[in-house]
Engineer: 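I have a structure here, written as structure tokens, and I will follow up with some questions on it.
What you see below is based on every heavy atom in this structure, not just the backbone, and it leaves out hydrogens, waters and symmetry mates. Within every chain, numbering begins at 1; the chains are lettered A, B, ... in the order of the sequence lines, protein sequences first and strands thereafter.
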Amino acid sequence: MPADLTMVTRAGAPEKPQDSPFRPRPELVIASVAVALPVPLLVAIPVADYLASWKALADHAAGLFLAIFVAGLGIHLVIDGLRAHSRRRPRTRSEPPISETRAPSRRDRVTSALATLAILALCTLEWGLHADDRNPWLASSRPEANEDRWLGADGYAMLLDGHLAQNDGTFLLDLARTFLGERPPNPGGFDRRAGHVYLASMFIRPLGAYWGFAAANLVAWWGAALSIRWLGRRLWPGTPTGTIGAILVATGQGFIFTGTAPQAHAVAYGAFALLLVLAERWRATGEGGRLATWIRLGWLTGAGALVYFVHLPFLLFALLDAGIRRHWRGLAAAAATTGAILFAWQAVGEAIGLNFAGGNNDLSGEALDNWARIVRGGLQNLVAWGHYSSPRGVVVGAFWLPWLALAAAGWWISPRRARDWAGAVTVAGIAPALAFTPRFPLPRLGYFAYPAVYLLAAAAIAAVAAAVARKHGPGAGTTVAAILVVALATITNLDVLTGSLRFAVDFHYAPGADW
Amino acid sequence: MSGLHSIARHWPWLVVAAAVAMQCAVASAPTAIARGFMGGVIGIAAMLATEGMPRARAAVAAAIVIGSVGLASGAGSFADPPLALWTEILHDDAMRIHHEIALPRTDHRWRAGADAGASPYLYVCARGRLDVPDTLDVSLGGDSLASLGPSMMFGPRPQPDSVGFYRIPLPWARLDGRDRISVGVTRHAGTSRPLEVCGTFMAKPTFRIDSSELFDGAGWTSPWVTRQGRYQIELRLVSDDGHVFGAWY
């Protein structure tokens with residue numbers, strides 16, 4: 001950690017000496033409430049399933065904790081944003097404007113370029129290791145994954161250009177042929193996400209369909225890793241948090257899971273990270289956030305929304321990080337621009353014969369209907385949601401416990417601005433996934449929180465390495481950081497190393513009461 | 001001069017606009033509309049995102065040009081994937097299906113299952129609820145193994161005529177000393193109606209790419225030749241509690 005980590009708060013005032021890691025923080029109060037509240041709820045609401053086993057009870061309590069914590073943190077950030085009407089924008093004191101940044105030396109530039117190449121190579125290695133039938137999305141649908149045992153030996157697969165590929169990609173092929181000019185439009189289930197297929201189509205002609213979709217994912221994976229590196233340098237200045245975070249992205253479960261699947265998720269994860277970079281670079285959520293900046297962000301968010309649901313986490317992040325009172329015009333402009341692009345595509349798509357209703361298009365509405373049913377059922381149904389919809393499974397399936405533990409530690413020692421940013425990203429990434437659980441519990445939706453979780457975990461690793469380095473020298477610190485990162489990468493590569501599909505299955509289906 | 005200066009400053013915008021226009025110009029109307037919309041939105045987004053970063057903007061513009069050329073030029077890109085599910089109708093007692101599976105004794109999943117005491121099963125996919133006499137007979141190496149019946153049905157069947165697996169226990173003794181097994185499927189004697197066996201694409205055979213065959217009464221043909229396919233006849237190792245160690249075909 002650098003010597004000068006004096007920060008300014010989200011509201012703009014310099015962080016005072018009493019803002020030490022051991023000062024009570026609102027987030028800790030929210031976490032305490034979230035821990036305590038499920039206890040009387042579970043005691044008071046008698047449903048036999050809750051007490052089926054200690055595992056089930058613990059899962060239920062953890063699910064309610066997560067839901068209350070995420071909701072509480074979101075409400076806290078909104079209230080904080082309402083208070084921050086006329087105050088200055090938060091900034092790290094050690095974060096000079098871009099133009100004032102000291103020009104890096106030649107040695108720094110070479111080192112940085114080598115690190116960039118190494119990160120890109122690591123992404124590419126993981127991508128290659130998890131291609132074909134080794135793709136965890138596909139592998140976790142095979143009978144030996146013991147979820148969909150009624151499927152055939154290849155799982156939920158198609159044979160695309162001779163490669164086994166995740167079978168939902170079938171529904172993208174007609175659209176790809178439309179963009180390639182080979183067939184007239186044919187209504188499909190994923191026409192709302194045509195931006196992804198358009199980008200992939202640029203790769204398909206030279207590479208073929210399988211590698212075309214996979215190449216689009218790889219480019220997004222690279223972009224995500226470099227974006228996280230930039231954000232880490234920006235928000236945790238003077239530490240290797242960015243580089244460690246980028247390595248965690250390169251070996252991250254979500255990218256490994258989606259990397260070679262002909263699906264939009266990896267591209268969407270990359271787009272989300274890029275939006276976070278631009279919001280930070282343009283200081284949209286700070287005092288410099290002009291209306292024109294918000295409209296630009298809205299356009300970019302609209303482009304992301306044509307890929308997948310990038311707009312939900314990003315607009316929620318913007319709302320939480322910017323403060324609604326200070327930036328309501330900008331937020332409204334961004335949301336309106338995004339919405340205009342989405343609706344314009346729907347109008348254009350329908351005019352040329354594409355489909356924007358039924359199937360996957362209706363899932364969000366079905367989730368809302370299910371919520372309405374749950375709310376009508378009263379407190380008992382709300383509590384039962386914590387068991388039947390597996391909110392814990394969504395979060396733990398996306399980020400297994402070591403990452404969450406490290407992220408919690410990283411949050412504890414991070415500067416205030418970084419904590420606030422990470423809090424907003426965490427809520428923005430996880431809340432939509434929790435909201436969707438009454439329809440499907442999908443860890444791959446919760447994975448949108450990866451920029452925060454990985455950077456907080458990286459901050460913890462960097463802090464441990466710094467502490468070791470102070471005592472035993474820089475070599476020891478680097479070794480400890482490397483051991484921790486390799487240990488995490490080993491977990492996400494267990495499928496390749498041992499054949500274990502556990503984490504692929506958890507990421508696919510969300511673990512139920514299993515721990 | 002100011003005009004030239006403006007062009008020098010904004011050339012990536014012009015290049016991206018030209019690339020998108022080129023994509024649209026060479027396409028049919030629906031494709032041009034779809035490309036134009038996506039190219040416009042994403043192209044503008046790319047330029048906005050790289051504002052203040054001239055080298056990044058130039059690189060992005062170049063990438064869009066290369067992608068546009070890829071999108072707009074040439075013809076033919078990929079073959080339609082082979083069907084993931086189809087059926088073969090056995091409408092004649094002379095018709096028979098034959099499928100060979102090499103026993104995957106070196107596969108770590110096979111070894112793990114065998115060490116854990118799992119049992120081998122044959123899985124045969126067919127349409128509907130089969131029962132004697134309107135059912136299929138399954139043989140192993142020419143010797144009768146079982147007639148499919150309701151007690152062997154496995155997996156969800158939302159409709160009475162849905163396709164699904166039938167699971168047949170396979171004694172270990174029937175596998176002793178063999179390198180591969182030869183499975184036959186025919187109509188049960190006395191069956192009065194056509195019966196359907198499922199097929200899918202062939203990807204990772206244990207034995208040969210054309211190890212599925214059909215005898216139609218006159219000669220043998222492989223669904224690999226006709227549709228890159230195989231019959232859905234699989235060997236699995238399953239423990240008593242239902243845990244599947246592996247599936248092979």
Engineer: Give the C-alpha distance, both sets of side-chain angles, the deciding distance and a yes or no for side chain to side chain contact (heavy atoms under 4.5 Å, CB included) between B/Asp80 and A/Leu173.
Structural biologist: CA-CA 8 Å; B/Asp80 284 327; A/Leu173 299 182; 5.7 Å; no
Engineer: At a heavy-atom distance under 4.5 Å, which candidate from B/Gly246, B/Pro156, B/Gly164 has the highest pair count against chain A?
Structural biologist: B/Pro156
Engineer: Quick one: which of B/Cys198, B/Ala112, B/Ser73 has the most heavy-atom pairs under 4.5 Å with chain A, could you say?
Structural biologist: B/Ser73
Engineer: Can you check side chain to side chain contact (heavy atoms under 4.5 Å, CB included) on B/Met53 and A/Arg281, steps first, answer last?
Structural biologist: CA-CA 11 Å; B/Met53 297 183 283; A/Arg281 181 180 166 81; 3.4 Å; yes
Engineer: Based on non-hydrogen pairs under 4.5 Å, which of B/Gln228, B/Met202, B/Arg109 is most in contact with chain A?
Structural biologist: B/Arg109
Engineer: Looking only at non-hydrogen atoms, find the nearest pair between A/Asp161 and B/Ala79 and report the distance.
Structural biologist: OD1-N, 4.2 Å
Engineer: Mind checking the CH2-CD spacing from B/Trp248 to A/Glu144? Nearest 0.5 Å is all I need.
Structural biologist: 7.5 Å
Engineer: Starting at CG of B/Leu83, measure out to OG1 of A/Thr170 and round the result to the nearest 0.5 Å.
Structural biologist: 10.0 Å
Engineer: To check you understand the geometry: which heavy-atom pair defines the closest contact between B/Ala203 and A/Leu164, and what is its length?
Structural biologist: CB-CD2, 3.7 Å
Engineer: So do the side chains of B/Leu71 and A/Arg205 get within less than 4.5 Å of each other, counting heavy atoms only?
Structural biologist: no
Engineer: Counting heavy-atom pairs under 4.5 Å to chain A, which of B/Gly113, B/Ala46, B/Gly242 comes out on top?
Structural biologist: B/Gly242
Engineer: To the nearest 0.5 Å, how far apart are CD in B/Gln23 and OH in A/Tyr198?
Structural biologist: 3.5 Å
Engineer: Between B/Ser77 and A/Arg177, is the side chain to side chain contact (heavy atoms under 4.5 Å, CB included) condition met? List the steps.
Structural biologist: CA-CA 8 Å; B/Ser77 52; A/Arg177 290 200 185 282; 4.1 Å; yes
Engineer: If I measure from the heavy atoms of chain A, does B/Arg167 come under 4.5 Å with its side chain, its backbone, both, or neither?
Structural biologist: neither
Engineer: So what's closer than 4.5 Å to chain B heavy atoms on A/Ala157: side chain, backbone, both or neither?
Structural biologist: both
Engineer: Could you look at B/Ile44 and say if it's the side chain, the backbone, both or neither that has a heavy atom under 4.5 Å from chain A?
Structural biologist: both
Engineer: To the nearest 0.5 Å, how far apart are CD in B/Glu234 and CG in A/Asp154?
Structural biologist: 7.5 Å
Engineer: Where on B/Arg157 is there a heavy atom nearer than 4.5 Å to chain A: the side chain, the backbone, both, or neither?
Structural biologist: neither
Engineer: Between chain A and each of B/Ala27, B/Pro81, B/Gly52, B/Ala72, count heavy-atom pairs under 4.5 Å; write down the option with the most.
Structural biologist: B/Pro81
Engineer: Between B/Ala84, B/Gly155, B/Gly67, who has the most heavy-atom pairs with chain A when the cutoff is under 4.5 Å?
Structural biologist: B/Gly67
Engineer: Salt bridge check, A/Asp132 against B/Lys204: does any charged N sit closer than 4.0 Å to a carboxylate O?
Structural biologist: no
Engineer: Just checking, A/Arg149 and B/Phe154: is the charged tip under 6.0 Å from the six-membered ring centre and within 45° of the axis?
Structural biologist: no
Engineer: If I compare all heavy atoms of B/Phe78 with all of A/Ala209, which pair ends up nearest, and what's the gap?
Structural biologist: CG-CB, 3.5 Å
Engineer: Measuring heavy-atom distances to chain A, does B/Tyr249 have an atom under 4.5 Å in its side chain, in its backbone, in both, or in neither?
Structural biologist: side chain
Engineer: Under a 4.0 Å threshold between the charged nitrogen and the carboxylate oxygen, would A/Arg296 count as salt-bridged to B/Glu51?
Structural biologist: yes
Engineer: Got a second to check how far A/Leu180's CG is from B/Thr31's OG1, nearest 0.5 Å?
Structural biologist: 9.0 Å
Engineer: Working to the nearest 0.5 Å, report the span between CH2 of A/Trp150 and OH of B/Tyr123.
Structural biologist: 14.0 Å
Engineer: Is it true that B/Phe37 and A/Trp345 have ring centroids separated by less than 6.0 Å?
Structural biologist: yes
